[in-house]
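Excluded from the calculations below are hydrogen atoms, water molecules and symmetry mates; all remaining heavy atoms, backbone and side chain alike, are included. Order of the sequence lines fixes the chain letters, A, B, ..., with proteins taken first and strands second; residue numbering starts at 1 for each chain.
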Number of protein chains: 2
Amino acid sequence: MKTTDTRLKILDTAQELIQKLGVNAMSYADISTAVGIRKASIHYHFPSKEDLLVSLLERYTPSFFRLVDSILESSESAEIKLRRYCGLFEATLSSGEQDKVCLCGMIGAEVKTLSSSLTKQITHFFQENEIRLTKLLTQGKDEGVFSFSGETEAMAKLIFSLLEGELLIARVHGDVTHFKVVVEQLFQLVKA
Amino acid sequence: MKTTDTRLKILDTAQELIQKLGVNAMSYADISTAVGIRKASIHYHFPSKEDLLVSLLERYTPSFFRLVDSILESSESAEIKLRRYCGLFEATLSSGEQDKVCLCGMIGAEVKTLSSSLTKQITHFFQENEIRLTKLLTQGKDEGVFSFSGETEAMAKLIFSLLEGELLIARVHGDVTHFKVVVEQLFQLVKA
DNA sequence: TATTTTCTATCTACTAGAAGGTAGACGAAA
DNA sequence: TTTCGTCTACCTTCTAGTAGATAGAAAATA
């Protein structure tokens, strides 16, 4: 098997396991079993768990923002764009056995057990989301489809925290509808 | 030392450790060191980790709702009550070294590594919060101090997810202000 | 009251298994 | 013939959890 194939399989599997169980409940042995490769081979590709986490975030963050930016750059209304943005989070929750949350949300919860360089990567992910949401909201206000009082930046922060929080809560309830209800309520609040 | 004293110390320490590090990153050895007692003594009071978690939630949930209910039963305006409710979450974040989140938020993130009876306890905590927020919002609408479109129940869900999410996010940023900004924005949205 | 017994909470010492990680052999491909 | 990716075998440390000794307090008995 090619290097890149194994590497990818390891990253995919590790990501799924972390989104489901968290960093500290996931082990090299788990990945080993799921991928069908020996633990030592995983250490060949990712010498330490920290290396694996860094690589995971270096892949996840740009790939997530490619999706977000393709939404932002489309020619749709700000309302549709925001719906599609929220849809990215809902897709994570709905996928598979409805047992996964945002990778960065999960790692964010465990931040106090991780290195400062990982903390920086998570902070960066959060900030970039707020920046893009601010853009989106500004566009919506300019178009006249969004209307709400307060600062646009504060609203962006609020929306992002609500989405990350809902992912956790809806999963505990085992109820994707819970997520959808909150997103609909969000639209009630921002719609002009 | 009296039984109850040691038991309390163990519970207090375990709670702090979980709020900071999470269930899976906290060990009996950690508690042992912090309390100044041997591991075996902790197992005497709480035979298994599951027992400890159950006891922790059986203490945390009613004690949290005692605080919430004392706010709800006060004679203040709904706005003040909501501020004080949000203040409970902010207090957790602000306390100590600003490294703790809601116990149930943290355990909620790790829910897929835990027993179904613990999942039920977390679900219950979330639902009871939504019920109380719904009451509070209804009072505010009746008083005329709150005004927002959409269902009151959906708004309650939205507020709770936003608070749990903000706790995680603001901690990663190491910035209590981030939390305060979002709470202020919430008031912009609900105020009449 | 004095003594014995039982109970309680702690301790030391241990187990088995899982964790992250390493050394070095080996086969295939470049 | 060197490099690459995988393997087996192993190490150390940590994990939850157990067995059994012990000291002191409480309760029962003489």
Can you give me the N/O atom pairs linking the protein to nucleotides 25-30 of chain C at distances under 3.5 Å, or say none if there are none?
none

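- The salt bridge (charged side-chain N to carboxylate O under 4.0 Å, His left out) search around A:E130 returns A:K157, not counting sequence neighbours.
- Pairs of residues two or more places apart, or lying in two chains, never qualify as salt bridge (charged side-chain N to carboxylate O under 4.0 Å, His left out) while including a residue from residues 41-54 of chain A.
- The ring pair (Phe, Tyr, Trp, His ring centres under 6.0 Å) pairs that include a residue from residues 6-39 of chain A are A:Y28-A:H43, where partners are two or more places apart or lie in different chains.
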Identify each atom pair where a protein N or O and an N or O of nucleotides 23-26 of chain D are less than 3.5 Å apart, giving names and distance.
none

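- Side-chain proximity of B:T6 to D:dT15, C:dT10, C:dG20: nearest is C:dT10.
- Within residues 46-60 of chain B, the residues approached by DNA chain D to less than 4.0 Å at the level of any non-hydrogen atom are B:P47, B:S48, B:K49, in residue-number order.
- For the salt bridge (charged side-chain N to carboxylate O under 4.0 Å, His left out) test, residues two or more places apart in sequence or in another chain that qualify with B:K20 are B:D99.
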Name the pairs: protein N/O against N/O of nucleotides 8-14 of chain D, kept only if under 3.5 Å.
residue	atom	partner	partner atom	Å
D:dT8	OP2	A:R38	NE	3.2

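- Contacts of residues 15-25 of chain A with DNA chain D (heavy atom under 4.0 Å): none.
- For B:E58, the salt bridge (charged side-chain N to carboxylate O under 4.0 Å, His left out) test picks out no residue, with sequence neighbours left out.
- Scanning for salt bridge (charged side-chain N to carboxylate O under 4.0 Å, His left out) contacts around B:K191 gives B:E79, with sequence neighbours left out.
- For residues 22-33 of chain B, no residue pair satisfies the salt bridge (charged side-chain N to carboxylate O under 4.0 Å, His left out) rule, not counting sequence neighbours.
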